Amino acid sequence: MKKKINHKDMIEAWNYDSGVFKGQSIGIHNSATGEIDKLLSVECFHGGEEVKRIVINKEATKKHGFIIIID
């Protein structure tokens, strides 16, 4: 796939806690708008440590030219 990420944009990773899920996300930070396209999140239930779900944003990964493979 052709890489479409702008050279001024960057890949960011962050932790979050929604109250129900806590996890880590990876996304593309758009330098022009300041917004982040979340590509992938790994989550567990609040209070737990076991991974309960992996969320992949197919539209954002395709838009930026990434393929996510879980092995």
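All of these numbers come straight from a predicted model, not from anything done at the bench.
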**Residues forming a side chain to side chain donor-acceptor pair (under 3.5 Å) with Lys22, sequence neighbours excluded** = Glu49

**Closest non-hydrogen atom pair, Tyr16 against Ser25** = CE2-OG, 3.1 Å

**Prompt:** Which residue pairs pass the salt bridge (Lys or Arg N to Asp or Glu O under 4.0 Å) test with at least one member in residues 10-19, sequence neighbours excluded?
**Reply:** none

**Request:** Please report the closest heavy-atom contact between Thr33 and Asn30, naming both atoms and the distance.
**Result:** N-OD1, 3.1 Å

**Prompt:** To the nearest 0.5 Å, how far apart are CD1 in Ile69 and CD1 in Ile56?
**Reply:** 10.5 Å

**Request:** Apply side-chain contact (heavy atoms from CB on, under 4.5 Å) to Ile28 and list each qualifying residue two or more places apart in sequence or on a separate chain.
**Result:** Ile5, Asp9, Ile11, Leu39, His64, Phe66

**Request:** If a pair satisfies salt bridge (Lys or Arg N to Asp or Glu O under 4.0 Å) and one of its residues is in residues 24-47, list it, with sequence neighbours excluded.
**Result:** Asp37-Lys63, Glu43-Arg53

**Transitive ILVMFWY side-chain link Ile68 to Val51, under 4.5 Å** = yes

**Prompt:** In the hydrophobic clustering (ILVMFWY, side-chain contacts below 4.5 Å, transitive), which residues join Val20, or is it alone?
**Reply:** Phe21, Phe45

